[in-house]
Visitor: 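Just dropping this structure here.
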Amino acid sequence: MSTSQRPLIDLYSDTITLPTAAMRTFMAEAPVGDEQKGEDPSVNELTAMAAELLGKEAAVFLPSGTMCNEIALAVHSRPGDEILADATAHIINYEVGGPAALSGINVRALEGDRGVFTAEQFRAAIRTPSRYAPATTGVVIEQTSNAGGGTVWPLERIEEITAIARERGMWAHMDGARLLNASVASGVDARTYASHFDSVFIDLSKGLGAPVGGLLAGTQEFIDSAWRLKQRWGGAMRQAGVIASAGVYALRHHVDRLADDHANARLLATELAKIEGLEVHPEHVETNIVLFDVSATGLTAAEFGARTIEEHGVRVSVFGPTTVRVVTHLDVTAEQIPTAVKAIAEVTASALAA
């Protein structure tokens, strides 16, 4: 398959969604101004929507979720601090060492279950104050856990951990890249989840289907500091309403439909579990991410993925030596699931027969 062609069915990630025709029209008609000066009405509308959605005083529109995380860590921390996060966390594995490079902080990894650690693990990891050790000053929770397979952090667990953090004078940040997936799946509104954190961000360019951007929210003082780093790190923009309006449209029209992605992921996992040679756990699928192991086929995940796209036009992502990830999203329909399953089954059968 030519690399210039879009896959027939693209399960690589929910980041590859294309803006819908209605979203494109809305973007083209968006009122704009100088975002850096606070004069872009579409950006202002979007940040007000985010602050209201998350129950925070203010929010800032940023080019990416990674920048949201990194700015939050930098505002909360001092060089030499240590923060705690699950070993699968995005800030550890997918932000190019940003916490150390940009903020000079250590991130200590906790070995949770599918991306979710316990209150006991958290309490035990907090260092006793010492002149020789870094101070443990913060905690980051990723909702949902991407590398955990789209796991939803239970509200009760969040309450336990953030209560401990407050007892110890620590801050708490939620990497809410897929927070709205968690909210739709659990029935717990985003504001309730966010109420336990000093800062939280949501991504617009994953399941919500916008082409770019993230929203970081917190107190007005926190956002004022975040804006200084946005400027320093080159993230301030001008007529950003063209892209911010996509976020406005997404928050109005694409939140409830996340349930469709979750249903498609459950269907996909259930059917994949029937394929001999794959290790799949449908009971672990809570949102729109499915992980499965292909080691019994004798193929690596990279080899398996190369064959699904080259032979069948179905793109998956490599998530480990033998772990494959598939993600449902706005551009994957229920009608496409049987075709994707058939492609994966044929690659599996061919490998087993070789």
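Bear in mind that the values here come from a model prediction, so they are computed numbers and not experimental data.
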Visitor: For Arg108, does its backbone N or O pair with a side-chain atom of Asn106 as donor and acceptor, under 3.5 Å?
Guide: no
Visitor: Do His281 and Val285 come close enough that some side-chain heavy atom pair is under 4.5 Å?
Guide: no
Visitor: Got Asp261 and Val184 here, is their nearest side-chain heavy-atom distance under 4.5 Å?
Guide: no
Visitor: Taking all non-hydrogen atoms of both residues into account, name the closest pair between Phe61 and Gly213 and its distance.
Guide: CE1-CA, 3.9 Å
Visitor: Do the side-chain N and O atoms of Ser350 and Arg307 include a donor-acceptor pair separated by under 3.5 angstrom?
Guide: yes
Visitor: Does the side chain of Thr328 come under 3.5 Å of the side chain of Asn288 through a donor N or O and an acceptor N or O?
Guide: no
Visitor: Does atom CZ of Arg78 have more than 12 heavy-atom neighbours, drawn from other residues, nucleotides or ligands, at distances under 6.0 Å?
Guide: no
Visitor: Treating Ile, Leu, Val, Met, Phe, Trp and Tyr as nodes and any side-chain heavy-atom pair under 4.5 angstrom as an edge, say whether Phe292 and Val341 lie in one connected cluster.
Guide: yes
Visitor: Do Val140 and Leu73 make a side-chain contact, defined as non-hydrogen atoms from C-beta onward lying under 4.5 Å apart?
Guide: yes
Visitor: Any side-chain to backbone donor/acceptor pair from Ser103 onto Ala100? Under 3.5 Å, distance only.
Guide: no
Visitor: Quick check: closest heavy atoms across Leu352 and Ala296, and the distance to 0.1 Å?
Guide: CD2-O, 3.4 Å
Visitor: Carefully, step by step, assess Glu221 and Glu57 under the rule side-chain contact (heavy atoms from CB on, under 4.5 Å).
Guide: CA-CA 9 Å; Glu221 182 181 8; Glu57 291 179 0; over 6 Å; no
Visitor: Any chain of hydrophobic side-chain contacts (each under 4.5 Å) joining Leu215 to Trp227?
Guide: no
Visitor: Any chance you could lay out the side-chain contact (heavy atoms from CB on, under 4.5 Å) test for Leu258 and His254, step after step, and finish with the verdict?
Guide: CA-CA 7 Å; Leu258 292 172; His254 288 174; over 6 Å; no
Visitor: Any chance CD of Glu39 has more than 12 other-residue heavy atoms, nucleotides or ligands included, within less than 6.0 Å?
Guide: yes
Visitor: Are Pro211 and Met23 side-chain neighbours, meaning at least one heavy-atom pair lies under 4.5 Å?
Guide: yes
Visitor: If I compare all heavy atoms of Leu299 with all of Thr322, which pair ends up nearest, and what's the gap?
Guide: O-CG2, 4.4 Å
Visitor: Side chains of Leu208 and Val255, heavy atoms from C-beta outward: is any pair under 4.5 Å?
Guide: yes
Visitor: Tell me whether Leu46 is reachable from Phe222 by hopping between hydrophobic residues (I, L, V, M, F, W, Y) whose side-chain heavy atoms are closer than 4.5 Å.
Guide: no
Visitor: Can you tell me how far apart CG (Leu251) and CE (Met49) are? Round to the nearest 0.5 Å.
Guide: 4.5 Å
Visitor: Please determine whether the number of non-hydrogen atoms from other residues, nucleotides or ligands lying under 6.0 Å from atom CZ of Phe319 exceeds 12.
Guide: yes
Visitor: Side chains of Trp171 and Ile83: does their closest heavy-atom pair fall under 4.5 Å?
Guide: yes
Visitor: Under the 3.5 angstrom rule, does the side chain of Ser77 hit a backbone N or O of Ala74 as a donor-acceptor pair?
Guide: no
Visitor: When rounded to the nearest 0.5 angstrom, what is the spacing between CZ in Arg157 and CD in Glu159?
Guide: 12.0 Å
Visitor: Check for a donor-acceptor pair, side chain of Gln143 on one end and backbone N or O of Trp153 on the other, with a separation under 3.5 Å.
Guide: yes
Visitor: State yes or no: do Tyr193 and Phe122 share one hydrophobic cluster built from I, L, V, M, F, W and Y residues joined by side-chain heavy-atom distances below 4.5 Å, directly or via other members?
Guide: yes
Visitor: What's the separation between atom CD1 in Ile223 and atom OG1 in Thr47, rounded to the nearest 0.5 Å?
Guide: 9.0 Å
Visitor: Is a side-chain donor or acceptor of Lys56 paired with a backbone partner of Ala194 at a separation under 3.5 angstrom?
Guide: yes
Visitor: Calculate, to the nearest 0.5 Å, the distance between atoms CG and CE belonging to Asp81 and Met170 respectively.
Guide: 10.0 Å
Visitor: Check whether Glu142 reaches the backbone of His90 with its side chain - one donor and one acceptor, N or O, closer than 3.5 Å.
Guide: yes
Visitor: So, for Leu278 and Leu272, which heavy atoms are closest and what is the spacing to 0.1 Å?
Guide: CD1-O, 4.1 Å
Visitor: Taking side chain as C-beta onward, heavy atoms only, is Met237 less than 4.5 Å from Ile243?
Guide: yes
Visitor: Taking all heavy atoms of Phe117 and all of Ala85, pick out the closest pair and write down the distance.
Guide: CE2-C, 4.0 Å
Visitor: For the residue pair Glu111 / Gln121, report whether a side-chain donor-acceptor contact shorter than 3.5 Å exists.
Guide: no
Visitor: Within the 4.5 Å heavy-atom criterion, are Ile9 and His312 side-chain neighbours or not?
Guide: no
Visitor: With Asp203, which residues qualify under salt bridge (Lys or Arg N to Asp or Glu O under 4.0 Å), at least two apart?
Guide: Lys206
Visitor: Nearest 0.5 Å, please: how far is OG1 in Thr118 from CD1 in Ile161?
Guide: 7.0 Å
Visitor: side-chain contact (heavy atoms from CB on, under 4.5 Å) for Asp224 and Arg228? Distances and angles first, verdict last.
Guide: CA-CA 7 Å; Asp224 288 344; Arg228 292 180 61 82; over 6 Å; no
Visitor: Do side-chain atoms of Asp86 reach the backbone of Gly112 as a donor and acceptor pair under 3.5 angstrom?
Guide: yes
Visitor: Establish whether Ile16 and Leu180 are linked, either directly or via other cluster members, by ILVMFWY side-chain heavy-atom contacts under 4.5 Å.
Guide: no
Visitor: Gly247 and Ala210: which non-hydrogen atoms are nearest, and at how many Å?
Guide: N-CB, 4.2 Å
Visitor: Under the side-chain contact (heavy atoms from CB on, under 4.5 Å) criterion, do Arg238 and Asp34 qualify, and how do the steps go?
Guide: CA-CA 5 Å; Arg238 297 299 181 184; Asp34 192 329; 3.1 Å; yes
Visitor: Checking side-chain hydrogen bond (donor to acceptor under 3.5 Å, both in side chains) against Arg178, which of Thr144, Asp14, Thr287 comes through?
Guide: Asp14
Visitor: Working note: His262 + Asn181, criterion side-chain hydrogen bond (donor to acceptor under 3.5 Å, both in side chains); need CA distance, chi angles, decisive distance, verdict.
Guide: CA-CA 8 Å; His262 302 168; Asn181 288 89; 3.0 Å; yes
Visitor: Distance-only, no hydrogens or angles: does the Ser42 side chain make a donor-acceptor pair with backbone N or O of Pro31 under 3.5 Å?
Guide: yes
Visitor: Give, for atom CG of Asn146 and atom CG of Asn93, the distance between the pair rounded to the nearest 0.5 Å.
Guide: 9.5 Å
Visitor: Does Arg191 pair with Glu52 as a salt bridge, N-O distance under 4.0 Å?
Guide: yes
Visitor: For the residue pair His173 and Phe201, does the interplanar ring angle fall in the parallel (under 30°), tilted (30 to 60°) or perpendicular (over 60°) class?
Guide: parallel
Visitor: Are Glu167 and Arg123 within salt-bridge range, i.e. N to O under 4.0 Å?
Guide: yes
Visitor: Answer yes or no: is there a donor N or O on one side and an acceptor on the other, between the side chain of Glu95 and the main chain of Pro99, under 3.5 Å?
Guide: no
Visitor: For Asp331 and Leu18, indicate whether the former's side chain and the latter's backbone hold a donor-acceptor pair under 3.5 Å.
Guide: yes
Visitor: For side-chain hydrogen bond (donor to acceptor under 3.5 Å, both in side chains), just list the numbers for Arg325 and Ser317, CA-CA rounded to whole Å, side-chain angles, deciding distance to a tenth of an Å, and then say yes or no.
Guide: CA-CA 5 Å; Arg325 184 187 72 163; Ser317 60; 3.2 Å; yes
